[in-house]
> 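Please read through the structure below; I'll follow up with questions.
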Protein chains: 2
Amino acid sequence: MVRGKIQMKRIENDASRQMSFSKRRNGLLKKAHELSVLCDAEVAVIVFSQRGRLYEFSSHEMPKTMDRYYRHAKQVQKGGSDTASMRTKIEFLEQSKRKLLGQCSLSSYSSTDELQDIASQLERSLSNVRARKAQLLSEQIHELNAKEGLLLEEHSGAKSCVQATHKQENETYSSLSSNSTSEQVGTELFIGLPEMQIV
Amino acid sequence: MVRGKIQMKRIENDASRQMSFSKRRNGLLKKAHELSVLCDAEVAVIVFSQRGRLYEFSSHEMPKTMDRYYRHAKQVQKGGSDTASMRTKIEFLEQSKRKLLGQCSLSSYSSTDELQDIASQLERSLSNVRARKAQLLSEQIHELNAKEGLLLEEHSGAKSCVQATHKQENETYSSLSSNSTSEQVGTELFIGLPEMQIV
DNA sequence: CCTTCTATATATAACCA
DNA sequence: TTGGTTATATATAGAAG
């Protein structure tokens, strides 16, 4: 039984949120289907749960709807739009991806040198991705610190420090946009926090 | 006043269909927003009206959610040869490549979990690539052994050992197609060969 | 994770402005 | 097109299974 208007904010109780998600998700997908059938519209819905599970509906084909969206949202970039050059582009990108993921047949690699290049590139990529992860985590920590500051302030009654805290937060965010120090910042933050260790 | 259950088929009356579209479309977008807020989910909705007008909602960023969708549904692998699906494929592959190489803006990643996924994938890929490099080197060694055998044979006159060497080479290649043992095989092969050390 | 129950909240078809 | 009004259909929170 619904006891009152529900507040438009995250449901904090895990079980309730999960139950609500399950029901509302089904409701949303049903509504999407009804809209597409009744009104003859092209509809696509994508839902990712908190745990990363995917739920979707598409009245036509998801890639086609997405592509239509892209074409609508932004006039697609440069490069040949004929099937020939696009096919070439696709083949190149797919081969490039397979090589990066080590999914090629051995004969696809021209030499051990090429494999060495790819390995080196992967290591750099891994380093990039880890740095970005550290960045994201440090941003989250700064946010939490800022929130903590606000909470503490509520008890101390000192108001001048609020703006100072926010200012620092913004500066930190800006500086993290450059890659140079992010990894260091990231790792330093997690000394003594093994469960947050950056893998 | 709703006089009865609505039939789940296209509303034939133009005015009614248009009215229904307008109301249901708003309802759908609202529901999508509620789901994302209440249940902390990543939600994206795309609606094209019959006349081609676009209506959308996305809790995060549409391109980000679309990209996440593609990473999840690997269905892109196959697909049509029309420009629409090819363009989609290109978009997906390019974004996928940027993420693997850590070249995306930080905001392109939805969470540290996603970055963790990518990092794990990169580590597996690196392992694959190293294994393949080891394979290639081992094949080259087998070839050299075979050639050495042939050269020796020219002097000794014994011919049967050549085919034996080739047979073993093929078996090794087959077993390496599965990931489980390739790394181990690769490293074992190069014990005592420091200049060929696998990076 | 799913279903069912039931009281209530929401959505919406038809109508009107 | 857009925005109310109202009677009804649907959706769903909370509890239980």
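Proteins come first, then strands; the chains are lettered A, B, ... in the order of their sequence lines, and each starts at number 1.
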> Taking A:His33's backbone N and O only, do any of them form a donor-acceptor pair with A:Ser36's side chain (distance below 3.5 Å, no angle check)?
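Answer holds: yes.
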> If you pin B:Glu34 and B:Ser22 to their nearest nucleotides in DNA chain D, which one's is more 5'?
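Closer to the 5' end of DNA chain D: B:Ser22.
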> Distance-only, no hydrogens or angles: does the B:Thr65 side chain make a donor-acceptor pair with backbone N or O of B:Glu61 under 3.5 Å?
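Side chain of B:Thr65 to backbone of B:Glu61, a donor-acceptor pair under 3.5 Å: yes, one is there.
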> Nearest-nucleotide wise, let me know which of A:Met19 and B:Leu38 is further upstream toward the 5' end of DNA chain D.
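This one resolves to B:Leu38.
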> Would you call B:Glu12 and B:Arg17 a salt bridge, using N to O less than 4.0 angstrom?
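No, B:Glu12 and B:Arg17 are not salt-bridged.
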> Indicate yes or no: does B:Lys64 engage B:Asp67 in a salt bridge with an N to O separation below 4.0 Å.
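Result for this pair is no, no salt bridge flagged.
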> A:Gln7 CD to D:dT12 P: how many Å, rounded?
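For the pair A:Gln7 CD and D:dT12 P, the rounded distance is 18 Å.
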> Indicate yes or no: at least one non-hydrogen side-chain atom of A:Glu148 is less than 4.5 angstrom from one of A:Leu152.
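Yes, side chains in contact.
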> Using whole Å, report how far CD1 of A:Ile6 lies from P of D:dT12.
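Value for this atom pair: 9 Å.
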> Using whole Å, what does the distance between atom P of nucleotide D:dA13 and atom CG of A:Asn26 come to?
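In whole Å, D:dA13 P and A:Asn26 CG are 12 Å from each other.
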> Could you tell me which non-hydrogen atom of B:Leu38 sits nearest to which non-hydrogen atom of A:Gln7, and how far apart they are?
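Minimum heavy-atom separation between B:Leu38 and A:Gln7: CD2-O, 3.3 Å.
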> Tell me if the side-chain of B:Lys23 makes a donor-acceptor pair with the base of D:dG3, cut-off 3.5 Å, by modelled atom types.
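When only heavy-atom distances are counted, B:Lys23 does not reach the base of D:dG3 through any donor-acceptor pair under 3.5 Å.
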> Relative to the 5' end of DNA chain C, which residue comes earlier, A:Gln18 or B:Lys30, by the nucleotide with the nearest heavy atom?
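The residue closer to the strand's 5' end, by nearest nucleotide, is A:Gln18.
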> Across the strands shown, which category fits B:Arg25 at heavy-atom distances under 4.0 angstrom: base, sugar-phosphate, nothing?
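Nothing, no heavy atom under 4.0 Å.
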> Which nucleotide of DNA chain C is the first, and which the last, in the 5' to 3' direction, to come under 4.0 Å of a heavy atom belonging to chain B?
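In short, chain B contacts DNA chain C from C:dA11 to C:dA14.
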